[in-house]
Q: 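Can you read through this structure? Questions will come right after.
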Amino acid sequence: QVQLVESGGGLVQAGGSLRLSCTASGTIFNIPRMRWYRQAPGKQRELVAPITSGGSTNYADSVKGRFTISRGNAKNTVYLQMNSLKPEDTAVYYCNAYLCTMPGVCNDYWGQGTQVTVSS
């Protein structure tokens, strides 16, 4: 059984910073990729940033230069450092992991989401 637990959301003023964390636990062989998504009210869920086990990253244009995704040393944790936050960053942020419980047995797993609210 695999579980993803997120933390670090909250209320912050525009221009402020937050750091989200997500830790995977359970039966884990390896995690080739972890990603952060977000979903604002009335909008579709969008990909914010992915990171591979090798450290390759990418960012949505809307967060480029402000957000940084990274993985912990144990590789089962992913972080999202969010700086210069804007009201339009307000959303529920979800952690996603493409995770293998044994060689060749891999699936997508999701966290429960953490609310980020940026006030103007």
Q: Between Y37 and W110, does the ring centre distance come in under 6.0 Å?
A: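 Yes, the ring centres sit under 6.0 Å apart.
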
Q: On a heavy-atom basis, which atom in S17 and which in S84 lie closest, and how many Å separate them?
A: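 The pair with the smallest heavy-atom distance is OG-N, 4.4 Å.
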
Q: Do S119 and P87 have side chains that get closer than 4.5 Å, going by heavy atoms?
A: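 Side chain of S119 against side chain of P87, heavy atoms only: no contact under 4.5 Å found.
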
Q: Is it possible for you to say whether I28 and Y109 belong to one hydrophobic cluster, with membership spreading through side-chain heavy-atom contacts below 4.5 Å?
A: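 Looking at the clustering, Y109 is in the same group as I28.
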
Q: What are the two closest heavy atoms between A60 and L47, and how far apart are they?
A: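 Smallest interatomic distance, heavy atoms only, reads CB-O, 3.6 Å.
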
Q: Starting at CG of N83, measure out to CZ of R19 and round the result to the nearest 0.5 Å.
A: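 Between N83 CG and R19 CZ, I get 11.0 Å after rounding to 0.5 Å.
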
Q: Let me confirm one number: the CD1-OG distance from I51 to S56, rounded to the nearest 0.5 Å.
A: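 The CD1 atom of I51 sits 8.0 Å away from the OG atom of S56.
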
Q: Could you walk me through whether M34 and L99 pass the side-chain contact (heavy atoms from CB on, under 4.5 Å) test, one step at a time?
A: CA-CA 8 Å; M34 299 187 84; L99 183 153; over 6 Å; no

Q: Answer yes or no for R45 and Y94: cation-pi contact, defined as NZ/CZ to six-membered ring centre under 6.0 Å and angle to ring axis within 45°.
A: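 Yes, a cation-pi geometry holds between R45 and Y94.
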
Q: Grab the two heavy atoms, one from L85 and one from R66, that are nearest each other, plus how far apart they are.
A: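 Between these two residues, the closest heavy atoms are CA-NH1, 3.8 Å.
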
Q: Just checking, R71 and Y79: is the charged tip under 6.0 Å from the six-membered ring centre and within 45° of the axis?
A: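 No, R71 does not lie over the aromatic ring of Y79.
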
Q: Which heavy atom of V2 sits nearest a heavy atom of T27, and at what distance?
A: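 Between these two residues, the closest heavy atoms are CG2-O, 3.6 Å.
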
Q: Is there a side-chain contact between L80 and Y93 (heavy atoms, below 4.5 Å)?
A: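 Result yes, sub-4.5 Å side-chain heavy-atom pair found.
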
Q: Between R33 and D108, does the side-chain contact (heavy atoms from CB on, under 4.5 Å) criterion hold? Intermediate values first, please.
A: CA-CA 9 Å; R33 184 184 64 233; D108 272 307; 4.2 Å; yes

Q: For L4 and A24, which heavy atoms make the closest approach, and how far apart are they?
A: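 Heavy atoms of L4 and A24 come nearest at CD2-CB, 3.2 Å.
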
Q: With rounding to the nearest 0.5 angstrom, report the CG to CE distance, L20 to M82.
A: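 The CE atom of M82 is 3.5 Å from CG of L20, to the nearest 0.5 Å.
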
Q: For the residue pair T23 and T77, confirm or rule out a side-chain donor-acceptor distance under 3.5 Å.
A: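 On atom types as modelled, these side chains qualify, holding a pair under 3.5 Å.
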
Q: Let me confirm one number: the OG1-CD distance from T90 to Q115, rounded to the nearest 0.5 Å.
A: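 T90 atom OG1 to Q115 atom CD measures 7.0 Å (nearest 0.5 Å).
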
Q: Looking at side-chain heavy atoms only, is the closest gap between V78 and C95 below 4.5 Å?
A: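 Result yes, sub-4.5 Å side-chain heavy-atom pair found.
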
Q: Closest approach of T114 and E6, non-hydrogen atoms and distance?
A: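 Heavy-atom minimum between the residues: N-OE1, 4.0 Å.
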
Q: Considering only heavy atoms from C-beta outward, does the side chain of D89 approach that of F67 to under 4.5 Å?
A: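 Counting from C-beta outward, D89 and F67 do come under 4.5 Å.
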
Q: Once you round to the nearest 0.5 Å, how far does NZ of K43 lie from CD of E88?
A: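 One gets 8.5 Å once the value is rounded to the nearest 0.5 Å.
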
Q: Can you tell me how far apart CD1 (I69) and CH2 (W36) are? Round to the nearest 0.5 Å.
A: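 Going from the CD1 atom of I69 to the CH2 atom of W36 covers 8.0 Å.
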
Q: Report yes or no: do V48 and Y98 belong to one cluster of Ile/Leu/Val/Met/Phe/Trp/Tyr joined by side chain heavy-atom distances under 4.5 Å?
A: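 Cluster IDs for V48 and Y98 differ.
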
Q: Looking at K64, I want to see if its NZ is surrounded by more than 12 non-hydrogen atoms of other residues, nucleotides or ligands under 6.0 Å.
A: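 Yes - once you tally the heavy atoms of other residues, nucleotides and ligands closer than 6.0 Å, there are more than 12.
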
Q: Check for me, please, whether V63 and V92 land in the same ILVMFWY cluster - side-chain distances under 4.5 Å, paths through other members count.
A: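 Not linked; separate clusters.
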
Q: Looking only at side-chain N and O atoms, does S62 offer a donor or acceptor that is under 3.5 Å from a partner on R38?
A: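 Side chains of R38 and S62: pair found under 3.5 Å.
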
